[in-house]
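These notes are about the structure you will find just below.
The chains referred to below are lettered A, B, ... by the order of the sequence lines, with proteins before strands, and numbering in each begins at 1.
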Number of protein chains: 2
Amino acid sequence: MSSPETASRRALNRDRVLRAAVALADDVGIEALSMRTLAERLGVVPMALYKHVANKEQLLDGMVEVIVAEIEPPAAGADWKDAVRQRILAARRSLLRHRWASQVIESRTHASPVVLDHMESLIATFRAGGFSIDLTHHVMHALGTRMWGFTQEVFPTPAPPADPDARAAMFEQFAARYPRIIEMATAGAHEEESTVGGGCDDQFEFEFALDLLLDGFERLHEQGWTSFRAG
Amino acid sequence: MSSPETASRRALNRDRVLRAAVALADDVGIEALSMRTLAERLGVVPMALYKHVANKEQLLDGMVEVIVAEIEPPAAGADWKDAVRQRILAARRSLLRHRWASQVIESRTHASPVVLDHMESLIATFRAGGFSIDLTHHVMHALGTRMWGFTQEVFPTPAPPADPDARAAMFEQFAARYPRIIEMATAGAHEEESTVGGGCDDQFEFEFALDLLLDGFERLHEQGWTSFRAG
DNA sequence: ACCTGAACACCGTTCAAGT
DNA sequence: ACCTGAACACCGTTCAAGT
């Protein structure tokens with residue numbers, strides 16, 4: 001016991017800071033991740049972190065790097081459509097392991113090398129598949145954040161009252177004003193009829209839209225589409 | 001001068017609070033909008049706001065309401081495809097007037113009535129066009145935040161150094177590692193070759209992806225697609 | 001070279017008090 | 001009924017100082 005240092009206090013470096021930040025965000029959520037809570041978990045004073053990341057923005061940049069580096073590369077030998085599909089679904093698997101990640105990726109203003117690697121790889125796949133530079137450009141835009149395996153779903157639900165009578169009354173009022181939403185929400189929900197929009201299969205919806213886009217890309221590619229003719 | 005009150009201090013109410021918040025966010029950006037800065041602009045102490053909105057989350061909810069209420073309804077008599085397209089592009093025009101709006105919409109956990117009205121209207125349009133409940137459901141998911149006229153573009157650029165020599169060196173290094181990104185970025189940019197990905201026409205890219213999806217929807221609809229057969 | 005302690009200028013929100 | 005003032009428990013980040 002010549003030193004009070006534990007393993008968690010030794011050898012603080014950028015990598016250890018980033019991994020601890022990812023683990024902390026996984027545990028307590030991104031909104032509870034602060035320079036102070038992170039320092040506490042590392043057994044260190046807040047200012048010690050600033051020797052390894054310039055500020056909180058750089059910390060978040062680094063956290064994205066860690067996650068994107070986890071994306072498995074697609075199997076070799078697939079055609080462009082399969083390769084793109086596989087890479088995007090692999091990104092999705094990585095991102096789904098960290099529920100806060102999509103929000104952080106969307107908030108980044110600068111790309112780190114791993115992020116650019118992912119984009120470069122997708123572009124190269126389209127080009128290898130014979131896509132023109134022009135079509136590749138628009139197709140990458142059309143993917144948008146979907147290239148990371150996520151898109152923001154916009155089906156927020158009003159908070160249901162705890163009291164059953166009040167809940168029933170609210171449902172009736174809701175159904176009167178929004179009959180189409182109710183019709184759609186209840187048609188798909190087999191187990192949970194109480195929550196509007198509940199019971200959706202996110203993975204299915206993601207692949208539905210992705211395949212719709214990929215099929216559209218294929219069609220334009222086969223037709224020799226250019227923005228000059230269309231725009 | 002019997003009273004020191006100015007027009008800006010009289011008759012504080014929810015509507016005036018929300019409109020002031022929207023104007024303030026337009027002026028100084030959403031990150032500089034705080035309960036304190038908003039109170040100051042209204043000539044009032046921070047706590048005065050809490051009589052009109054329960055907390056900051058509710059303030060943001062209300063700001064979304066104000067903006068969504070501005071969306072022009074589509075002209076009557078259009079077919080489903082035109083009506084959906086028009087409504088989404090109208091939403092885009094409203095959202096573009098407030099550059100912070102997309103970020104705030106994505107962060108909402110509860111839908112306000114005006115938000116539900118917009119969704120109800122889109123769903124009703126698909127149904128009136130003969131779409132099955134099933135297909136309508138998936139199609140709404142595929143639109144995602146695009147139903148609000150925006151999608152997050154993911155083409156962040158590394159910050160270019162101020163020094164011209166350093167910038168040239170960085171560009172060369174970048175081009176060596178990311179040749180496809182450079183190829184694509186420079187092909188489309190006519191005026192600004194210095195910034196990677198600069199010179200993109202966001203409106204064109206938005207409509208490109210939207211039309212690709214709408215064409216896909218149309219094709220599935222004509223084929224009588226159901227998730228039971230496909231899934 | 002790396003970590004610390006105290007301080008600064010902010011937040012959102014509470015509570016009890018004023019008018 | 002509506003607004004105020006002071007306080008609480010947080011933030012990210014600075015600076016000068018320690019080892």
Next item on the list: Using modelled atom types only, decide if a donor and an acceptor are shared between the side chain of A:Arg108 and the backbone of A:Val104 within a distance under 3.5 Å.
Entry: yes

Next item on the list: Taking the six-membered ring of A:Phe206 (Phe, Tyr or Trp), confirm whether the NZ or CZ of A:Arg92 is under 6.0 Å from its centre and within 45° of its axis.
Entry: yes

Notebook entry, point to check: How long is the line joining CD of B:Glu31 and C1' of C:dG12, in whole Å?
Noted result: 17 Å

Item checked: Nearest-neighbour nucleotide for the B:Val45 side chain, C:dG5, D:dT4, D:dC11 considered -> D:dT4

Next item on the list: Look at the side chain of B:Glu205 and the backbone N and O of A:His141, then say whether any donor-acceptor pair between them is shorter than 3.5 Å.
Entry: no

Note to self: Check whether A:Thr37 reaches the backbone of A:Ala32 with its side chain - one donor and one acceptor, N or O, closer than 3.5 Å.
What the structure shows: yes

Notebook entry, point to check: Judged by atom type as modelled, is there a donor-acceptor pair below 3.5 Å linking the side chain of A:His52 to the main-chain atoms of A:Leu12?
Noted result: yes

Note to self: I need the CE-C1' distance between A:Met35 and D:dT14, as an integer number of Å.
What the structure shows: 13 Å

Notebook entry, point to check: What is the distance from CG of A:Leu42 to P of C:dC2, rounded to the nearest Å?
Noted result: 16 Å

Margin query: Donor-acceptor check, side chain of A:Glu120 to backbone of B:Arg180, threshold 3.5 angstrom: yes or no?
Written below: yes

Item checked: Whether over 12 other heavy atoms sit under 6.0 Å from B:Arg99 CZ -> no

Next item on the list: Would you kindly give the CG-to-P distance between B:Leu12 and D:dA1, to the nearest whole Å?
Entry: 17 Å

Notebook entry, point to check: Do A:Arg87 and A:Thr125 have side-chain N/O donor and acceptor atoms under 3.5 Å apart?
Noted result: no

Next item on the list: Any chance you could encode DNA chain C as dot-bracket? Rule is Watson-Crick or G-U wobble with both distances under 3.5 Å; [ ] for pairs crossing earlier ones, | for another strand.
Entry: ||.|||||...|||||.||

Notebook entry, point to check: Is the shortest distance from a Lys or Arg side-chain nitrogen in A:Glu70 or A:Arg93 to a carboxylate oxygen in the other one below 4.0 Å?
Noted result: no

Item checked: B:Asn13 CG to D:dA1 C1', straight-line distance once rounded to whole Å -> 14 Å

Next item on the list: Whole angstrom is fine here: how far is it from CD in B:Glu40 over to C1' in C:dC10?
Entry: 13 Å

Item checked: Near-strand residues of residues 46-65 of chain A, defined as heavy-atom separation under 4.0 angstrom from DNA chain C -> A:Met47, A:Ala48, A:Lys51, A:His52

Next item on the list: Nearest whole angstrom, please: distance from the C1' of C:dG5 to the CZ of A:Arg36.
Entry: 12 Å

